[in-house]
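Right, one structure below, let's go through it.
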Amino acid sequence: MSYILKKYSVYFLFVFILLCISCQEKKAVSRTEFVIGTICSIKIPESESSDRILNECFSELKNLELILSANDENSELSKVNNYACDRPIKVSSELYELIKLSKKIAVQTNEAFNPAIGQLVKLWNIGFDNAKVPEKNEIKNALTFTSVDNIELKGESEVFLKNRNTKIDLGAIAKGYLADKLVRLLKDKNVKSAIIDLGGNVFVLGKKFFTSNNWKVGLRDPKADSNDVFLSLELSNTSVVTSGIYERFFIKDGIRYHHVLDSKTGYPVKNNLVSVSVICESSTYADALATAFLVMGYEKSLNFLKNFSDQKLDVVFIFDDGTYKTTNEALILH
Ligand code: FAD
Ligand code: MG
């Protein structure tokens, strides 16, 4: 009798341990912090090293913020903006790499995405307390410094600004670049599935936690006062980046001024789009192109896509009448 009891208690102990292990495996941990001027959260499966991995992710974000921020006077980018007109400045490989790619995308998009737009962005300062509608002559003046040709790359590591008033702003591409950096870090640590959300700039790695299903990613209803989901996408191993006219804006004399600027006119872009979401494995491209497509409008974006082969991507365009169009209906959950 006592032998049978012993035998069964060992058996139950074994099952209990197995259950505990599988329970442990089925948990995911997330961390949320305010970095790069927005709420960033990362969720990965729980493991012995998950805390350490999340620490490394947020350290990486903070280190890159010190390099890429146009809002921090002490960032490496601010040093370039302040001094690279006097002489070429040697920069980190990250800054060099991102400026190089930004210049390339600016040329491809005919400056709809324009990293040389910094002076104009600061003039409006949308998203900050002292945002204002600039005088017409101030805008006209700022537009004379926004040609991307004013940004020159020298050798393998130097940046030179040909005009003292040309300022680089990487705000429309840097969040995507940061997401890609985090994906690389997580893959290096053998993390197979994760959700990275950098203020709406989302990357879904692998399959949904502990399943073989794709992730379901909701696109927010672009109405300014709504937190509802407009539509949901089914995705895996890709980024979804949305650029919209409803998030950073201010209202003056009843007119809404949002933060995506047309560097041809100097004003917030105005067409029938309210948001553009780009789905692409490269979050860097998704970020830059979501902004570019919002500036270009629907027709020009489709023409652009006909000749674009750098990346495989899909797009969801949401219009001001509440309708949408997409390049791939199969991604949308009905
Ligand atoms: P996107 O469409 O991706 O980008 C719009 C932003 O890009 C604009 O805000 C402007 O900066 C710039 N831009 C506008 N028009 C164009 C154009 N035609 N071509 C290219 N660029 C354009 N926000 C804060 O409030 N405080 C901070 O301290 C702060 N620090 C940041 C640090 C880093 C490293 C990064 C990446 C962002 C930071 N931000 C901060 C947020 C930043 O200012 C932008 O608002 C944000 O990146 C916009 O992203 P988005 O996805 O909303 O829009
Ligand atoms: Mg962008």
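Atoms considered below: every heavy atom in the structure, side chains included; atoms not considered: hydrogens, waters and symmetry mates. Indexing begins at 1, ligand by ligand and atom by atom, following the structure's order.
Counted by atom type alone, Thr326 and Asn328 present zero donor-acceptor pairs between their side chains at under 3.5 Å. Between Asn63 and Glu94, the side chains place no donor N or O within less than 3.5 Å of an acceptor N or O (distance only, hydrogens not considered). Residues Glu158 and Tyr96 bring no donor and acceptor atom of their side chains to less than 3.5 Å of each other. Inspection of the Gln119 and Thr166 side chains reveals no N or O donor paired with an N or O acceptor under 3.5 Å. No side-chain N or O of Asn165 forms a donor-acceptor pair with one of Lys167 less than 3.5 Å apart.
By the 4.0 Å heavy-atom criterion, Asn201 is excluded from the residues contacting ligand 1. At a 4.0 Å cut-off, not a single heavy atom of Ala290 sits close enough to ligand 1 to count as contact.
Residue-to-ligand polar distances keep Asp262 apart from ligand 1: every N/O pair is separated by 3.5 Å or more. In terms of N/O distances under 3.5 Å, ligand 1 is approached by Ala112. The N/O atoms of Gly127, backbone and side chain alike, include none that comes under 3.5 Å of an N/O atom in ligand 1.
Of all protein heavy atoms, the one closest to atom 21 (N) of ligand 1 is Ala172 CB, 3.4 Å. Looking only at heavy atoms of the protein, atom 12 (C) of ligand 1 is closest to Asp169 OD1, 3.9 Å. Nearest protein neighbour of atom 39 (N) of ligand 1, counting heavy atoms only, is Ile36 O, 3.1 Å.
Inside a sphere of radius 2.8 Å centred on the Mg ion (ligand 2), the protein N/O/S atoms present are Ala172 O, Asp287 O, Asp287 OD1, Thr291 OG1.
Taken from NZ in Lys181 to CG in Leu68, the straight-line distance is 9.5 Å, to the nearest 0.5 Å.
Around atom 29 (C) of ligand 1, the closest heavy atom drawn from Thr38, Asn71, Leu261, Val148 belongs to Asn71. Among Phe128, Tyr177, Phe293, the residue whose heavy atom lies nearest to atom 26 (N) of ligand 1 is Phe128. When Glu65, Arg248, Glu247, His259 are checked for heavy-atom proximity to atom 52 (O) of ligand 1, His259 turns out nearest.
Taking the ring centre of Phe128 as origin, the terminal cationic atom of Arg248 falls inside the region bounded by 6.0 Å and 45° from the ring axis.
Heavy atoms only, all atoms of each residue included: Lys43 and Phe209 are closest at O-CZ, 3.3 Å.
Of the heavy atoms in Val260, both backbone and side-chain atoms come closer than 4.0 Å to ligand 1.
Of all atoms in ligand 1, numbered sequentially from 1 with element shown, those under 4.0 Å from a heavy atom of Ile117 are 15 (N), 16 (C), 17 (C), 18 (N), 21 (N), 22 (C).
For the pair Ser282/Asp180, a side-chain contact is recorded, criterion being any heavy-atom separation below 4.5 Å from C-beta on.
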